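Since we're looking at a predicted model, the values are computed, not measured.
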Amino acid sequence: MNFAKLGFYPADILIPADSDMTKWSVVACDQYTSEPEYWQAREAEIGDAPSTMKLTLPEIYLEDANVDERIVGINAEMDRCIDGGIFANYENSFVYLERRQANGKVRHGLIGKIDLEDYSYIPGDGTFIRATEGTILSRIPPRVKVRENAALEFPHIMLLVDDREDILLGSIRREKDNLVKLYDFDLCGGGGHSDGYLVDGHMLEVVAQNLEKLTDKDDFKAKYDIEDERVLLFAVGDGNHSLATAKEHWERLKKADTSLVGTDHPARYALVEVVNIHDESLEFEPIHRVIFETDPEALFAAIKADNGEPEQAYEIEYVYGNNSGIVKLDMAKSGLAVGALQGFLDKYLEEHGGRIDYIHGDDVVNSLCKAEGTIGFKLPPIEKSSLFRGVILDGVLPRKTFSMGEAHDKRYYLEGRRIK
């Protein structure tokens, strides 16, 4: 099994051996950031029980005056959990996950660790694992403070794989009745239900073989109709800044102690969930653009002039006042329609002023654009495989390219791993 050339590995995975899993598992820290009552309700439900709520920092508290005290408390709670022996340790394993969402659809995932040496958030880096959106560097240092003294990690990072034949997760799903079930419980806060299965033994070889098929360079070039041979295996679907934080922490450790370079230090890796981008549970909704405090006719004339009469075009619906129709954007400008649009808007707003907002739903755009000085652009639905092509061609996708699921359907913290 040569996982080394794939960047994705089995891990020593920690799961509570005898805890109330509904209280143990809570939603990703970057959700409900304007709803303190959500987190207060979780705290009240959990009480004194072991919980990842006590081992992670909800971002709603990130700017609080006592955030440093919270971080110290989190690290101390990690040590108590380790010393108290609450975890079962599943060595050199994956966890196959079936997450039944609130809408009844099931997400299929595989928990393992990635090598941070095979990941980059810098646009244009040809690593196996790449960011899908621009990383805001100012958001990393506060998050590094949470990780730098932590003994454990609990991820909400989701990586997407463009597995059109479903060979990776499909091969595991067909064998799940022969796998050991690790958990089966309802998630708190309306998050649905989660089942987990141990993937070890001969199934590790199956995972390695199928991942290797997905890295074939000839298949890669044919799939995306490109000449770039730097294979993109995984694109970050969720937890972009959490993964960037893990990368930064590892780079700082190597800089402080050069003897760590090339070693198998646990901080070199990060635990993630891999999901097929074609999983029916993943619903990619476009996020529209509305420009306020502008001259709609001048902006519309400028975007038409900027694109001319392209041979190949993205067709984008526009609306302002009683006007609506289609504007054609040159495909040569970006691998995605949203990239061609956002590139123009960024430049136009910098030169002419105005305010942009990112809007869900056609009806909302129509309503907003009735107001004077407002124009909206409705982006088409995201073609799932075009997401990978966009990352390959453009480096990263524009901010707010798509929405992927409701807050209660986001990844919940559950599996952990030592990083010290």
Side-chain angles (χ1 to χ4, degrees), residues 2-3 5-8 94 96-99 101 103 105-112 114 118-119 126-133 157-176 199 203-238 240 272-286 312 314 331 334-339 379-397 401-405 409 411:
N2 191 2
F3 284 102
K5 65 178 183 177
L6 303 172
F8 182 64
F94 296 109
Y96 169 64
L97 166 73
E98 290 190 343
R99 165 78 179 279
Q101 299 177 164
N103 62 7
K105 293 186 177 181
V106 176
R107 187 177 82 231
H108 308 86
L110 187 64
I111 313 296
I114 62 162
D118 290 317
Y119 156 73
T127 49
F128 261 173
I129 308 156
R130 304 178 204 173
T132 51
E133 64 179 30
I157 300 160
M158 185 188 295
L159 300 187
L160 303 174
V161 60
D162 188 1
D163 183 4
R164 301 176 189 187
E165 304 301 322
D166 195 26
I167 60 174
L168 178 61
L169 289 159
S171 64
I172 301 172
R173 185 168 62 252
R174 289 187 290 273
E175 291 290 324
K176 76 173 186 178
V199 179
M203 287 299 296
L204 299 182
E205 182 66 36
V206 173
V207 172
Q209 290 174 353
N210 288 328
L211 278 173
E212 193 165 6
K213 292 176 185 176
L214 293 171
T215 63
D216 184 271
K217 289 186 177 180
D218 291 335
D219 288 347
F220 177 77
K221 290 192 290 184
K223 183 187 289 186
Y224 302 110
D225 189 25
I226 56 172
E227 290 302 316
D228 195 336
E229 294 187 357
R230 300 171 301 169
V231 172
L232 168 60
L233 182 57
F234 300 116
V236 182
D238 210 353
N240 183 68
V272 301
E273 176 185 351
V274 170
V275 178
N276 188 357
I277 195 171
H278 302 286
D279 194 293
E280 70 167 1
S281 69
L282 297 186
E283 298 178 357
F284 286 41
E285 298 292 337
Q312 293 183 299
Y314 301 113
M331 280 189 175
S334 174
L336 289 174
V338 63
L379 284 152
I382 302 295
E383 191 70 38
K384 287 186 174 183
S385 289
S386 70
L387 185 147
F388 271 67
R389 195 169 191 274
V391 172
I392 294 163
L393 294 177
D394 296 350
V396 293
L397 306 179
T401 293
F402 60 88
S403 173
M404 194 172 71
D409 288 329
R411 176 162 170 79

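The shortest side-chain heavy-atom distance between N103 and E283 falls under the 4.5 Å cut-off. Looking only at side-chain heavy atoms (C-beta outward), N276 and H108 stay at 4.5 Å or farther from each other. Between L160 and F388, some side-chain heavy-atom pair lies under the 4.5 Å cut-off.
By the side-chain contact (heavy atoms from CB on, under 4.5 Å) test, I226 pairs with F220, Y224, D228, R389, I392, L393, sequence neighbours left out. Listed by chain and number, the residues in a side-chain hydrogen bond (donor to acceptor under 3.5 Å, both in side chains) with D163 amount to none (sequence neighbours excluded). Legend: residues meeting ring pair (Phe, Tyr, Trp, His ring centres under 6.0 Å) with F284, ordered by chain and number and at least two apart, are F402.
Going from atom CE of M158 over to atom CG of N240 covers 13.5 Å, rounded to the nearest 0.5 Å. E273 contributes atom CD, which lies 5.0 Å from atom CZ of R411 (distance to the nearest 0.5 angstrom). Separation of atoms CD (Q209) and CD1 (I167) is listed at 10.5 Å; rounding is to 0.5 Å. One distance of note links NE2 of H278 with CG of D162; it measures 4.0 Å at 0.5 Å rounding. To the nearest 0.5 Å, the span separating CG on D394 from OG1 on T132 amounts to 12.5 Å. In this structure, L159 CG and L233 CG are separated by 9.0 Å, a value rounded to the nearest 0.5 Å.
Under the 3.5 Å distance criterion, the side-chain polar atoms of D118 are left unmatched by any main-chain donor or acceptor of F128. In this structure, Y314 contributes its side chain and S334 its backbone to a donor-acceptor pair below 3.5 Å. A distance-only check finds a donor-acceptor pair linking the side chain of R107 to the backbone of D409 [under 3.5 Å]. Side chain of K105 to backbone of L282: no donor-acceptor contact under 3.5 angstrom is found.
Between K213 and E165 there is no salt bridge, since no side-chain N of the basic residue sits under 4.0 Å from a carboxylate O of the acidic one. The pair R173-D166 meets the salt-bridge criterion, with a side-chain N (NZ, NE, NH1 or NH2) lying under 4.0 Å from an Asp/Glu carboxylate O.
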